[in-house]
Enquirer: 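Right, I'll just put the structure down here and ask away after.
Each ligand, and each atom within it, is numbered from 1 in the order the structure gives.
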Amino acid sequence: SVSEPLKVMISGAPASGKGTQCELIVQKYGLVHISTGDLLRAEVSSGTEIGNKAKEFMNAGRLVPDEIVTAMVTSRLSRADAKERGWLLDGYPRSFAQAQILEELKINPDVYIVLDVPDETLIDRCIGRRLDPITGKIYHLKSFPPETEEIKARLVTRPDDTEEKVKSRLEIYNKNAEAILSTYSKIMKRVDGNRSKDVVFKEIDSLLSQVQKDKEKPMKSE
Ligand code: AP5
């Protein structure tokens, strides 16, 4: 049986560990990682028109307007690599409108993973988070300190990672979460993200290999 590549969505509150788990998923499954946050941050740092528009919303911890993000995501999804290797969509959809657009375009994931982490933990994770601008790797001052002094010296903090902005991002997430879930309730899998990253990945890994196996089953109607 020939199997279609995996199509995965990962969701969860700010700092629930989406980016961290995506690094591990990509290593094992070779999916094309499409993170709207990363794509937007790249636009901001290269000073493009999209970046200039998105910047004020992102720095305030608010959502960037749907039309900007949607155009970015659909054009990335339509590229050959995403079709051949499968995709891992991280940070989109983030509103009911965004979920509806994907439905209209018949872009349907095989599985919708939600990382559950309590609010107190999320704030601590954001405040300690640091990014390596060269490799894109995600660190945490306490949980995942950088490997070398050289990396440590170049780490950066995200402008939206202050306690106040994290709270506002969290509020926006909670306001939208329910409505998005209604679109994906049949394929939703909740994962307890408040455990070590390897334990969380183990669960995601077994979940994804099951989804992959199910896709390989020959069609009954053949
Ligand atoms: P985005 O970049 O998507 O931000 P987010 O959803 O708030 O998620 P984060 O990147 O903060 O966290 P994460 O879940 O990836 O956690 P991470 O792995 O880094 O979006 C940023 C902004 O862009 C938005 O606010 C909005 O303005 C805009 N935007 C993006 N998409 C949009 C859309 N669709 N529509 C409109 N606007 C959009 O982990 C966090 C920290 O915790 C790290 O330090 C990590 O090392 C640590 N950590 C991770 N896992 C563990 C663990 N198991 N144990 C202990 N520590 C851990």
Enquirer: Just wondering, do Val73 and Leu89 contact through their side chains at under 4.5 Å, heavy atoms?
Expert: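 When only atoms from C-beta onward are counted, Val73 and Leu89 do touch, with a gap below 4.5 Å.
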Enquirer: Relative to atom 3 (O) of ligand 1, which among Lys197, Arg94, Arg169, Lys18 owns the nearest non-hydrogen atom?
Expert: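 Looking at heavy atoms only, the winner is Arg94.
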Enquirer: Counting only heavy atoms closer than 4.0 Å, does ligand 1 sit against the backbone of Tyr173, its side chain, both, or neither?
Expert: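 It is neither; nothing of Tyr173 touches ligand 1.
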Enquirer: Check Lys202 with Asp205, please: is the shortest side-chain N to carboxylate O separation under 4.0 Å?
Expert: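 No, no charged N to carboxylate O under 4.0 Å.
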Enquirer: Identify the residue among Arg125, Arg169, Arg130 that makes a side-chain hydrogen bond (donor to acceptor under 3.5 Å, both in side chains) with Asp161.
Expert: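 Among Arg125, Arg169, Arg130, the one meeting side-chain hydrogen bond (donor to acceptor under 3.5 Å, both in side chains) with Asp161 is Arg169.
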Enquirer: Mind checking the NZ-CG spacing from Lys7 to Leu77? Nearest 0.5 Å is all I need.
Expert: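 The NZ atom of Lys7 sits 10.0 Å away from the CG atom of Leu77.
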Enquirer: Would Glu49 and Lys53 pass as an ion pair if we require N to O under 4.0 Å?
Expert: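 Lys53 and Glu49: salt-bridged.
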Enquirer: Please state which option from Gly17, Ala13, Ala60 has its nearest heavy atom closest to atom 16 (O) of ligand 1.
Expert: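 The nearest heavy atom belongs to Gly17.
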Enquirer: Could you tell me whether Tyr139 and ligand 1 have an N or O pair separated by under 3.5 Å?
Expert: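 Yes: some nitrogen or oxygen of Tyr139 is under 3.5 Å from one in ligand 1.
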Enquirer: For ligand 1, find out whether one of its N or O atoms is nearer than 3.5 Å to an N or O atom of Val69.
Expert: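 No - when backbone and side-chain N and O of Val69 are compared with those of ligand 1, no distance drops under 3.5 Å.
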Enquirer: Given Lys137, Lys165, Arg129, identify the one with the heavy atom nearest to atom 19 (O) of ligand 1.
Expert: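 Looking at heavy atoms only, the winner is Arg129.
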Enquirer: I need the Arg195 CZ to Leu115 CG distance, nearest 0.5 Å.
Expert: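 The distance works out to 9.5 Å.
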Enquirer: Looking at atom 12 (O) of ligand 1, what's its closest protein heavy atom, distance included?
Expert: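 Its nearest protein heavy-atom neighbour is Ala15 N, 2.9 Å.
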Enquirer: Can you tell if the side chain of Tyr29 reaches within under 4.5 Å of the side chain of Pro5, non-hydrogen atoms only?
Expert: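 Of all side-chain heavy-atom pairs linking Pro5 with Tyr29, none is under 4.5 Å.
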Enquirer: Given the ring of Tyr112, does Lys189 sit roughly above its face, with NZ or CZ under 6.0 Å from the centre of the six-membered ring and within 45° of the axis?
Expert: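 No, Lys189 and Tyr112 do not form such a contact.
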Enquirer: What atoms of ligand 1 come within less than 4.0 Å of a heavy atom belonging to Thr36?
Expert: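 By the 4.0 Å cutoff, the relevant atoms are 30 (C), 31 (N), 32 (C), 34 (N).
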Enquirer: Which of the numbered atoms in ligand 1 are below 4.0 angstrom from a heavy atom of Gln98?
Expert: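 This gives 33 (C), 34 (N), 35 (N), 36 (C) as the contact atoms.
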Enquirer: Going by heavy atoms, is Arg41 under 4.0 Å from ligand 1?
Expert: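 It does, in that a heavy atom of Arg41 comes within the 4.0 Å cut-off of ligand 1.
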Enquirer: Would you compute the distance between atom NZ of Lys18 and atom CD of Glu23 and round it to the nearest 0.5 angstrom?
Expert: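 Output value for this atom pair is 13.5 Å.
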Enquirer: If the threshold is 4.0 Å, N to carboxylate O, is there a salt bridge linking Lys167 and Glu171?
Expert: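 No.
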Enquirer: Identify the closest protein heavy atom to atom 48 (N) of ligand 1: which residue and atom is it, and at what distance?
Expert: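 Nearest protein contact, heavy atoms only, for atom 48 (N) of ligand 1 is Phe144 CE1, 3.8 Å.
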Enquirer: Quick one: do the Tyr139 and Glu147 side chains pair a donor with an acceptor below 3.5 Å?
Expert: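 The criterion, which ignores hydrogens and geometry beyond distance, is satisfied for Glu147 and Tyr139.
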Enquirer: Checking contacts here: is it the side chain or the backbone of Leu63 that comes within 4.0 Å of ligand 1, counting heavy atoms only? Could be both or neither.
Expert: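 It is both parts that get close, each with some atom under 4.0 Å.
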Enquirer: For atom 53 (N) of ligand 1, grab the closest protein heavy atom and report residue, atom and distance to one decimal in Å.
Expert: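 Result: Arg195 O, 2.8 Å.
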Enquirer: Who's the nearest protein heavy-atom neighbour of atom 15 (O) of ligand 1, and how far?
Expert: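 For atom 15 (O) of ligand 1, the nearest protein heavy atom comes out as Gly19 N, 2.8 Å.
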Enquirer: What is the closest protein heavy atom to atom 36 (C) of ligand 1, and at what distance does it sit?
Expert: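 Going by distance alone, atom 36 (C) of ligand 1 is nearest to Val64 O, 3.2 Å.
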Enquirer: Just checking, is any N or O donor in the side chain of Thr121 or Asp124 under 3.5 Å from an acceptor N or O on the other one?
Expert: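 No - no donor-acceptor pair under 3.5 Å links their side chains.
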Enquirer: Looking only at protein heavy atoms, which one is nearest to atom 43 (C) of ligand 1, and what is the separation?
Expert: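 The closest heavy atom on the protein side is Ile138 CG2, 3.5 Å.
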Enquirer: Within the structure, is a non-hydrogen atom of Ser16 found at a distance of less than 4.0 Å from ligand 1?
Expert: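 Ser16 counts as a contact of ligand 1 under the 4.0 Å cut-off.
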Enquirer: Do Asp119 and Leu170 come within less than 4.5 Å of each other through their side chains, counting heavy atoms only?
Expert: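 The answer is yes; the side chains approach within 4.5 Å.
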Enquirer: Does the pair Arg190/Asp116 count as a salt bridge with the N-to-O cut at 4.0 Å?
Expert: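 Salt bridge between Arg190 and Asp116, a charged N being under 4.0 Å from a carboxylate O: yes.
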Enquirer: When you compare ligand 1 with Gly12, is there at least one nitrogen or oxygen pair between them that comes in under 3.5 angstrom?
Expert: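 N/O-N/O distance below 3.5 Å does not exist for this pair.
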Enquirer: Of the protein's non-hydrogen atoms, which lies at the shortest distance from atom 42 (O) of ligand 1, and what is that distance?
Expert: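 The answer is Arg125 CD, 3.2 Å.
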Enquirer: Is the contact between Arg130 and ligand 1 made by the side chain, the backbone, both, or neither, using heavy atoms and a 4.0 Å cut-off?
Expert: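 Neither part.
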Enquirer: Of the backbone atoms (N, CA, C, O) and the side-chain heavy atoms from C-beta on, which set of Gln21 has a member under 4.0 Å from an atom of ligand 1: side chain, backbone, both, or neither?
Expert: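 Within the 4.0 Å criterion, Gln21 makes no contact with ligand 1.
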Enquirer: Please state which part of Ser196 comes within less than 4.0 Å of ligand 1, counting heavy atoms only: side chain, backbone, both or neither.
Expert: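 Answer for Ser196: backbone.
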Enquirer: Which residue owns the protein heavy atom closest to atom 25 (O) of ligand 1, what's the atom, and how far is it?
Expert: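 Nearest neighbour among protein heavy atoms for atom 25 (O) of ligand 1, to 0.1 Å: Arg62 O, 4.1 Å.
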Enquirer: I want to confirm something. Looking only at heavy atoms, which of Asp38, Thr20, Leu40, Ile10 is nearest to atom 49 (C) of ligand 1?
Expert: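 Comparing heavy atoms across Asp38, Thr20, Leu40, Ile10, the nearest one to atom 49 (C) of ligand 1 lies in Thr20.
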